[in-house]
There are 2 protein chains.
Amino acid sequence: MKVKVVTKILEANERIAIQNRRLFDDAGIFVINLMSGPGAGKTTVLEKTLRLASGLRIGVIEGDIAGSDDAERIERCGAPVVQINTGGACHLDANMIFEVLGELPLHDLDLLFIENVGNLVCPAEFKVGENIKVMVLSIAEGHDKPLKYPLMFQESSALILNKIDLAPYLDVDMEKIRRDALSLNPELKIFEVSCKTEAGLPEWMDWLKEKTLKR
Amino acid sequence: MKVKVVTKILEANERIAIQNRRLFDDAGIFVINLMSGPGAGKTTVLEKTLRLASGLRIGVIEGDIAGSDDAERIERCGAPVVQINTGGACHLDANMIFEVLGELPLHDLDLLFIENVGNLVCPAEFKVGENIKVMVLSIAEGHDKPLKYPLMFQESSALILNKIDLAPYLDVDMEKIRRDALSLNPELKIFEVSCKTEAGLPEWMDWLKEKTLKR
């Protein structure tokens, strides 16, 4: 008699993530898993990115528990987009991404954003086949977030500190956010951004283009 | 040969939640599971509540992935408090609560707040033995949250719409939040609150006292 230990869920996810990554590589596409808590401004960052990204062909996969608001917003920017509704699941997994890849013109894209479910915890634990992870934090969420939600800061290549136009109306210590985030991840690239005033967006766009084109 | 189907995780959690609830009932204590996304202001609402709650004896269990900042803030208000660090887990479950109940003077309390991990998704799925759930939403998170994260709005008895002092600086449609939240849960009691100006806190305190004392 042979006894086989059941493969762990994370391993199954990892296997499909590798498969997705191979498909992305074959299509010559750079993939970013975009994560944040609810309402930090991921979709607004994407809208701005799509409007400013001259020369980059960008597609988007939208992940939400329910609804298609975000996909409609992306569609209005003229980008190819697929909406995933996870039902109850609090994060995207590699299998969900694999299921929708046929809906996107991968070979005609340079860059694919996978906008995860708004959740500062679980999305950081599940690879979906991305090249890098980028996170958004609204400064209205407060300066205690890096130390309370360390994994996402550790896993991300860049942090978009969003809604900095609100700084005068908040008791938020931006320097503490920077310091704690960098203590968790010294390689983290930090952009201070306002999608309202467009401050910081040129720096983000330069970095994004360089990452996409030199991959 | 008898084959037994493995009890589902949710059922195990439910069983322990019922046990917690019995302990709370025996102690004559009213219990609120306080939930929100990251940085909506749960701890600040608790600080204000502790300062304004004359006549109510309140204890707090703090849930975070990591760190003890929140418990320290509660302790400075003079309330008995226990910090749970979940490690990686994105929500509190009934077993975590059961484990720390011995640390609190339950019989000397009227009201226990269980401040969940900042997450707008999973905490709504796991009972911890509470009488009711209350959620906090920062208006800086935007007006699309009820339809994107329906379960928490459906499960909560009250919604604290927090940080309304920021309204002049945001493009947020408060009426849409109200309308969508009530369409999901017509019984939902909504408080518009600013912990900065203390607007709305008297109404919240009146409701809280009534709920606690008439239980």
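Since the structure is predicted, the reported quantities are computational estimates derived from the model, not experimental observations. In what follows, chains carry the letters A, B, and so on, assigned in the order in which the sequence lines appear, proteins first and then strands, with residues in each chain numbered from 1.
- Contact of A:N85 with chain B is not made at all, since no heavy-atom distance falls under 4.5 Å.
- Contacts between A:L137 and chain B at a heavy-atom distance below 4.5 Å are absent for every atom of the residue.
- At most 12 non-hydrogen atoms from other residues, nucleotides or ligands lie less than 6.0 angstrom from CD of A:E75.
- Taken from OH in B:Y169 to CG in A:L166, the straight-line distance is 9.5 Å, to the nearest 0.5 Å.
- For a residue to count as touching a neighbouring chain, one of its non-hydrogen atoms must lie under 4.5 Å from one of that chain's; by this rule A:K145 touches chain B with the side chain only.
- In this structure the side chain of B:L120 never reaches within 4.5 angstrom of the side chain of A:N119, judged on heavy atoms.
- Proximity to chain B (any heavy atom under 4.5 Å) is shown, for A:L151, by neither the backbone nor the side chain.
- Ranked by non-hydrogen atom pairs under 4.5 Å with chain A, the options B:G37, B:A66, B:G67 are led by B:A66.
- The environment of B:K127 atom NZ is sparse: at most 12 non-hydrogen atoms of other residues, nucleotides or ligands sit within 6.0 angstrom.
- The distance from atom CG of A:D64 to atom CG of B:D144, rounded to the nearest 0.5 Å, is 8.0 Å.
- Shown here is A:K189, whose NZ atom has no more than 12 heavy atoms of other residues, nucleotides or ligands within 6.0 Å.
- Among the candidates B:V121, B:L170, B:L147, B:D69, the residue making the largest number of heavy-atom pairs closer than 4.5 Å to chain A is B:V121.
- With contacts defined as side-chain heavy-atom distances shorter than 4.5 Å, the pair A:S36/B:P38 does not qualify.
- Between B:D70 and A:K148, some side-chain heavy-atom pair lies under the 4.5 Å cut-off.
- For the atom pair CG of B:D171 and SG of A:C195, the computed distance is 11.5 Å after rounding to the nearest 0.5 Å.
- The CD atom of B:E141 lies 8.5 Å from the OG atom of A:S138; values are rounded to the nearest 0.5 Å.
- Heavy-atom neighbours of A:K48 NZ from other residues, nucleotides or ligands within 6.0 Å: above the threshold of 12.
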